[in-house]
Each structure stands twice: as structure tokens, then as C-alpha cells.
Amino acid sequence: MARGQIEQAMRHTIKQPQIAVLLTWMLLVFFGPASWGRELLTSQSPDGVVLELLDNQTRGVTLIGMLNPRAEMVATPAPRPLLQVKDQGRLANVQLQHIRRIYFRGEERLSVVSDRTVRCFSLGRGQAKIPAPPDWYDQQIITAHWKAVSYAHPNYSWFYIPGAAWVWSTRSWSDTEGETTLFRQIFTIPEDFHVVAAILSITVDHQLDALYLNGENIKMGPMPLKGQVAQFLVGPLLVAGKNVLAVRASDVGGGKISYAGLAYRIDIRGFRRPGRLKELQPPGVIAYIENGDMVQGELFGLTPRTVHVSTPYGKMQIDRDWVEQLVMNYEVPAQLPRSPKRSILKRVLGRKKVFGMFEPQPHKPKAVELVPQMQVEETGLLMKTGEFVAGRLLEDRQETLIVKPRYGSSFAVPFSGIDTVFPNPPGVTGYRHYMPESYPYICRLTLVNGDHLSGLLDNMTATHLTLKPLYSDALTVSNGMIFTVDFPFNARLRTRDLLEARRRAGQSAIRIGLIGDIVDRETRFEKSFYYQAQRVLHDLGIQAKWLNALEMVKPQALTPGNFSLLLNVDEKERYYNSVRRPDDGFAAIVRYVKDGGNLAHLAVATPFYFGFGAQQHRWVRITQGTRLNHALGMDILLPGDERPGQKPFELPDNENRVFRFVLNRESPYARYLPDEVPLALTKDCRFRPVTGNSAPEGATFSPIYVLRDQAGTSYGTAMAVIHYPKETFSGGFGFYVSHLLLHSHFHDTPMIDYLLPRIVEIVLEKH
């Protein structure tokens, strides 16, 4: 097994001579496990870090420690935390709320995409299909007889993966019988590259039959994927040097044209190894936490209230209400002789498990599906056979889990037969927030073994960091295990401070209204854009009111005095043109903006392109086109409206082109926003750039983000600010944000967490 396989979900087996095993066992028995096998690197971590600030500056510094650590704060209100560093030989104090990320080692990102290097082998169509060669997915087979793939522009119903090209086995467009095709691609990872995390995003036309990476099975059985994408954590399977991805895809046939197609992308995050890394055994369990955290280790206990996981940085007792699922990776080892002393030690030490070698051990690294297709509706166990065992999970007992079904007696299920544990039914816990006074201390850790931990930063020194998660006791992590530390609340914290300063100065509070049709007001935050906006506003301390169509057209309701900012968060592409009488919806929005209101288009498509019909009170397509956009000076381009530097599209061309949203630093409104943001992975890839061609006389049109490819070619403005003239519009602002930018992420944080606070700041600065 190659050393390059250490990654997000697994670690390697330590190979030691027998005497080393014996000495380790003696230390473990007599001194306990507190100092054994806890770190992937050395205990004395490097003190050099890189600070990335909110203004996009980066500084390489030497870490000294944290002033005003949370664990020692008793004053109310407590002073803000400071990070003490040595910058070019001089001591300096950096306010923690000005930091976006701390890099404990230099981050690198690698990408592997489907392109012309993919080779294919057609198994035929219909009754003429031949069996797949038995070794078609093996790393070492010779594929000289395999053919080069063809490119084809995808139909809109197919999923687009940024940077990945759709590849096919044939150029024929006349066959209607279903086709099955094998695909292979060889790629290389540098020998000194340590993989922290790797995600495979894949789609096929129509059905994914089999998926292998380096000869290991990722997904078996048919998986329909037309118009969908599947994602897998594949870091455990990656090796330094040569890697082979093998895919079997089938078209079911029956259409006008039927041929198997494939598109995929592997995003790899890691760093260059400064020296030798210890190779640790792959974890037996991966715990997925409700807030997006991931913890790996060995399952050493389960009670009705807690899940106990032994990790490389210590033992964790995790509140079961926070655990979404436990992915198991145990199998029964070969029979080993048992020492007669085990029972004596068990009685003396009071331990259920004394020797790790006598417990079910992990078999080998494996990939994990990022978004499981199976939606489990109750508590229970998913067995490796595919059977789901429903019941209440009681505890672990001698390498088994005790399950109590609704009817009948409890029974034991061995670890080795379990694929996934679902300790809670869906919806047991809701979305949880920290208190505002905790915001400066909230951080998210990514460790070199791929774990994600978030919580309150209790303290940070030159050698270690102490974190208090919501779902566990405080943890102390060696800096040698830390890859990066993110402060996701800091962009919002800055805006919250401005709002608090206004309140102390006796100024009026900012009020925000929301318009547009939302999917479902009961949908959880992470499932709805409306609630994403409400989540950010909640963190800012702003209570926003949603206005329905009838409230919107009331002259006394929608005014700048009642709402400083109006957000269009429509999710159904149904925009108000006429409600009670022709054009009253149109007139209400224009009147609000001309009276000095501030309007932000955060909708999924062209703002106000559809309307509410006056007749029969039903939704109909309006004939006036984009009148409201022109009335407010936002010329939204549709396909076919290409202009210099502006190229709207339904889908990008079928090439392995990489798109990024690039910040316009010349704009006075671009402060505190990320420099570059990758294009989102989303089914709806329509890009609708905005221009200032129809801006009113005296208005200032300021691009904020421009969509560009890797060659620097501009596809148009994805975000812009219009400052309207005082003479005709009372000096308000108009904001346009492409839904592709809104759904993108920067440092694993949704862009709405950066953009919405910045929009609020711009409005505050005007007032």
C-alpha cells in the first residue's frame, strides 16, 4: 500500500517489528493511551503560519499565542480576542475578527477532469452487447486497443460539472438502441503531495453501472444519473504517482439518439509534505455531524446519549442528537490466539477492550458517498448486505451494537456486518446558533487527516489549539495536525459591529423586506435560498419581513421609511407585474426605488421576467419582457444578446474550461470580498450578465464580479452596484447578483455569507 493514500477518510496501517509492538503494548497497559498514536506529524509543530485577512492581504508570521482567550474571559462584555504574532522580527497583535483563514501549511489544489485523455471501450448495443473484460478496471491492464473519446455539446437536461467535458464513445447520432461503454483515465499525483481531502463529482448519460478508483470498487449496481450528480470522498483511494479511474456507463435506449456519456471532476486539496508523515491505520468509523463536521477514528462506545470515538487527537464523547450517521469500516480479522491474561486485565482495569489487535479491525481504505442516495426515515443500521435494520440503538457490547426493534427482544449486530449507523431519525434537532458574544471565537478546523471540527476557539498557542464544539467536550489539537483554521463568522461580524455602533449612537435600525415566491417556508435553512438569506440576516441581528404580493402593492407598506433594503429572493421564477390591477406590481417596485429605496436582485434567473396575471389570478408569462430591469437601469442579457465582453449562456461550451468570478478591485464597493470564487456546481448553469447600458443619466454603474475563464476571457458582469442619481432616484442603490455567484462557495462558505453583509454595509454607509 503506497504512502500517498493518507487522506480525508482513512489512514494507513503502522508496520512495526514484533518487539516494537510488544513495547507499545506495555506502555499502553501501564501508562494508558493518553500519549499513544495521537498525531500524524510531530508533537512539536512548526510555528510559521500565513494569515489571510478580510481585505485579501496575506501575511507570513510566527505564531506566539492568543491574547484574551475565551477560556479565561469572565468580563461582560469580554474584550475581543487578539492573536499575538511575530511579523518580520517584531511583535504584533492582530484582531481575530479581521482574519479570514490561518494556513498552518501551504495549501495546494489539484483537479482531474474528463477530457481528451480519457480512453473508452464500447460493449455494444442492444442484443449485440458483449461482456466486460474481467480486468477492465485494473491498474495494470494494457489499453492500446481502447479508443479515444469523442466530444459532443450536451443537451440542457444533462448536468454540467465545471471544468469537465462530456465524453462519448462514438460519433454516430443515429443509433437508438441502448449502449454500454467502459471509460478509463490515468492521472498522476506528485510523490511528495499529501492529500487532505478529495471529492469526485460524476454524472453519466444515463446510468452509472460501476465505478472504480485504483482497482477499488466505489459504487456497484445501477445508479441513474441523467440530470444529476453523485459525489464521493475518494481521498483514501488516491496514491502518489499513477492513479486510474474506471467507469462503466449505460444508455437505456429508446430515445431519438442513445449513447453512453460521461463527465466528472476530482477536486484534491492538500500540501507538499515537509518531511516524513507517520502512517496510521485507516479509521473504523466516520462520524458525520449535523453542522457539517466530520470525525474519524475508532468506535469505542455507544450509549443512548453519546457516541464515543477515539481519534488521533484524543477521545471524543459526541452528543448523539448531533450525529447524522456513522459510516463503519470494520471486518472480522483472522482468528488470533487470545491471552489468558485478558480476562484478568479486564477485571483489574475495568476495561471492555484492552488490546486493539483482538477487536474487529478496518479492512482497507474506501470511498464514502458524500450525499447518500438512500433517504433513511428512521433510526437503525444499514447492513453491508443492503438490508436496513430499523430499531432503537442501545449500546455497544463486545464489538457489537445492541438494537431494540419496535416489536420483539433486543439483539446484537456485529460491527463487521454494518455499513452505516443512523442514530437519529431526520429532523430531531434543528439548526442551532451561537450567541452573538461568541461570534469572534467561532472557527472551523480542517486537519491533515481530513477531519472537520467547528466550535469556539478557547485558546491558541505556538504548539496547540483548544476548541469547544457544541456537541462535545473541549478538544486540544496539536498545531502539527492542523491544515487550516477558518473564521466563517468574521465577514458577518464586521457588519454586525457597524449595526451595533449605529444602535449605540441612537440611529434608526435598518429594516429589510423580502419579496418573491419562496419554495416552502418550512424548509430547513440549508435547503432554501430564502432561509439562507434569513440565516445570514439573523446572524447580523436583523429581523427581516417577507412581503406577499398584496402587501407589496400597498403604497403605505412598501416605502423606504419602512424598509431600508428590499431583497428579491424569488425561487420560482414568478415575478410580480400585475397583482390587483395592470402594472401595479411593476409600479410599486419602481416607486420604491425612485423614492430612495435600495433594491437587491438575489433571484435565480432574470429578475421580473415573469409576472402575475391580472386575469384569473394565475401565473402567466408576461409580454412586456424585462421592462422593470430597464426602468431600474439594469440591462440583463439573455442568450443571443452577446456584446463585447458579455457572453450569456444556458450552458458553457463542452470543453474543460475553468470559470471563476474575479473581483473588480477598482470598485469602491468591492472591499472585504474574496478575490476569486470558483463557479458553482449546480444543475442550473444559466449565466445572465448585467450591463449598465440602460442606467439612468447621472447613475454610476460599478461591476463587482466578472465571470472569466482560465484564459482571462470575460463572459460578463455577475455582480454590479448601481448608485442612482439624487435628482431622479433620491440616491438609492440597485444591486444585481447572478444566482451562479450566490450558489458558489469560497473556503467552503456560501458566498451569500459574504455578499449579503457587504450589501447591508453599503446601504448603511449611505445612511
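- Annotation for Ala680 and Pro162: closest pair O-CG, 3.4 Å, computed over non-hydrogen atoms.
- At a threshold of 4.5 Å between non-hydrogen side-chain atoms, the residues Tyr264 and Leu200 count as touching.
- Residues Thr484 and Arg269 are in side-chain contact: their nearest non-hydrogen atoms beyond the backbone lie under 4.5 Å apart.
- Under the ring-ring contact (aromatic ring centres under 6.0 Å, His included) criterion, Phe121 pairs with His145, Trp146, not counting sequence neighbours.
- Between the side chain of Arg184 and the backbone N or O of Asp138, at least one donor-acceptor pair lies under 3.5 Å.
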| said: For a side-chain contact (heavy atoms from CB on, under 4.5 Å) check, start with the C-alpha distance between Arg660 and Val677, then their side-chain angles and the critical distance, and finish with the verdict. | reply: CA-CA 6 Å; Arg660 291 185 175 273; Val677 182; over 6 Å; no
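- Using a 3.5 Å distance cut-off with no hydrogens or angles, the side chains of Asp684 and Thr682 do not pair a donor with an acceptor.
- Remark: the Asp251 side chain and the His206 side chain contain an N/O donor-acceptor pair separated by less than 3.5 Å.
- Met328 contributes atom CE, which lies 4.5 Å from atom CD1 of Ile418 (distance to the nearest 0.5 angstrom).
- The aromatic rings of His743 and His739 sit perpendicular, their planes meeting at an angle over 60°, well past the 30° parallel limit.
- The two atoms that bring Arg444 and His747 nearest to each other are NH2-O, 3.0 Å, heavy atoms only.
- A heavy-atom distance below 4.5 Å is not found between the side chains of Leu326 and Thr420.
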| request: Show your working on side-chain contact (heavy atoms from CB on, under 4.5 Å) between Thr311 and Val295 and close with a plain yes or no. | output: CA-CA 8 Å; Thr311 73; Val295 176; 3.6 Å; yes
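- Here the side chains of Phe422 and Leu382 are in contact, with some heavy-atom distance below 4.5 Å.
- To the nearest 0.5 Å, the span separating CG on Leu681 from OG on Ser744 amounts to 10.0 Å.
- Nearest heavy atom pair, residue Asp641 against residue Leu637, reads O-CD1, 3.6 Å.
- Between Pro648 and Pro689, the shortest heavy-atom contact is CB-CD, 3.5 Å.
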| task | Please step through side-chain contact (heavy atoms from CB on, under 4.5 Å) for the pair Met751 and Leu742, ending with a clear verdict. | result | CA-CA 6 Å; Met751 275 301 292; Leu742 281 170; 6.0 Å; no
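- Between the OG atom in Ser114 and the CG atom in Leu262 there is a gap of 5.5 Å [rounded to 0.5 Å].
- Residues passing the side-chain contact (heavy atoms from CB on, under 4.5 Å) test with Asn243, sequence neighbours excluded: Phe187, Ile189, Asn214, Leu238, Val239.
- Judged purely by atom type and a 3.5 angstrom limit, Asn329 has no side-chain atom pairing as donor or acceptor with the backbone of Val285.
- Taking the side chain as every heavy atom from C-beta outward, Gln185 and Val112 approach each other to under 4.5 Å.
- Between Gln140 and Asp135, the side chains place no donor N or O within less than 3.5 Å of an acceptor N or O (distance only, hydrogens not considered).
- With a 4.5 Å cut-off on side-chain heavy atoms, Val403 and Phe411 count as touching.
- Contact detail for Leu182 and Ala132: the closest heavy-atom pair is CD1-CB, 4.2 Å.
- Val706 is linked by a side-chain contact (heavy atoms from CB on, under 4.5 Å) to Arg708, Ser714, Thr717, counting only residues two or more places apart in sequence or in another chain.
- For the side-chain contact (heavy atoms from CB on, under 4.5 Å) test, residues two or more places apart in sequence or in another chain that qualify with Gln710 are Arg657, Val658.
- In terms of modelled atom types and a separation under 3.5 Å, the side chain of Asp709 and the main chain of Thr713 share a donor-acceptor contact.
- Ser310 is not listed as a side-chain neighbour of Leu299, based on a closest heavy-atom distance of 4.5 Å or more.
- Using modelled atom types and a 3.5 Å distance limit, the side chains of Gln207 and Ser250 yield no donor-acceptor pair.
- One distance of note links OH of Tyr288 with CD of Glu324; it measures 10.5 Å at 0.5 Å rounding.
- Of the residues Thr181, Val204, Leu123, the one that meets the side-chain contact (heavy atoms from CB on, under 4.5 Å) test with Arg248 is Leu123.
- Scored by the ring-ring contact (aromatic ring centres under 6.0 Å, His included) test, Phe687 finds Phe649 as partners (sequence neighbours excluded).
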| request: Evaluate salt bridge (charged side-chain N to carboxylate O under 4.0 Å, His left out) for Arg265 paired with Asp267, printing each intermediate quantity in order. | output: CA-CA 6 Å; Arg265 176 187 181 97; Asp267 292 295; 2.7 Å; yes
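- A distance of 9.0 Å separates CZ in Arg116 from OG in Ser150, rounded to the nearest 0.5 Å.
- With hydrogens and angles disregarded, no donor-acceptor distance shorter than 3.5 Å links the side chain of Gln296 to the backbone of Ile286.
- Within 6.0 Å of NZ in Lys147 there are 12 or fewer heavy atoms belonging to other residues, nucleotides or ligands.
- The aromatic ring centroids of Tyr212 and Trp136 lie less than 6.0 Å from each other.
- Minimum interatomic distance between Cys120 and Trp168 (heavy atoms only, all atoms of both residues): SG-O, 4.3 Å.
- With rounding to the nearest 0.5 angstrom, the CG atom of Leu225 is 5.5 Å from the OG1 atom of Thr203.
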| Does the salt bridge (charged side-chain N to carboxylate O under 4.0 Å, His left out) test come out yes or no for Glu191 and Arg272, once each step is laid out? | CA-CA 9 Å; Glu191 294 288 342; Arg272 302 285 174 167; over 6 Å; no
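- Checked against side-chain contact (heavy atoms from CB on, under 4.5 Å), Lys129 has the following partners two or more places apart in sequence or in another chain: Thr180.
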| salt bridge (charged side-chain N to carboxylate O under 4.0 Å, His left out) between Glu107 and Arg105, intermediate numbers included | CA-CA 6 Å; Glu107 180 183 33; Arg105 38 194 41 84; over 6 Å; no
| Test side-chain contact (heavy atoms from CB on, under 4.5 Å) applied to Trp166 and Asp205, step by step | CA-CA 10 Å; Trp166 274 96; Asp205 177 18; 4.0 Å; yes
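- Using a 4.5 Å heavy-atom cutoff, the side chains of Tyr330 and Glu298 are in contact.
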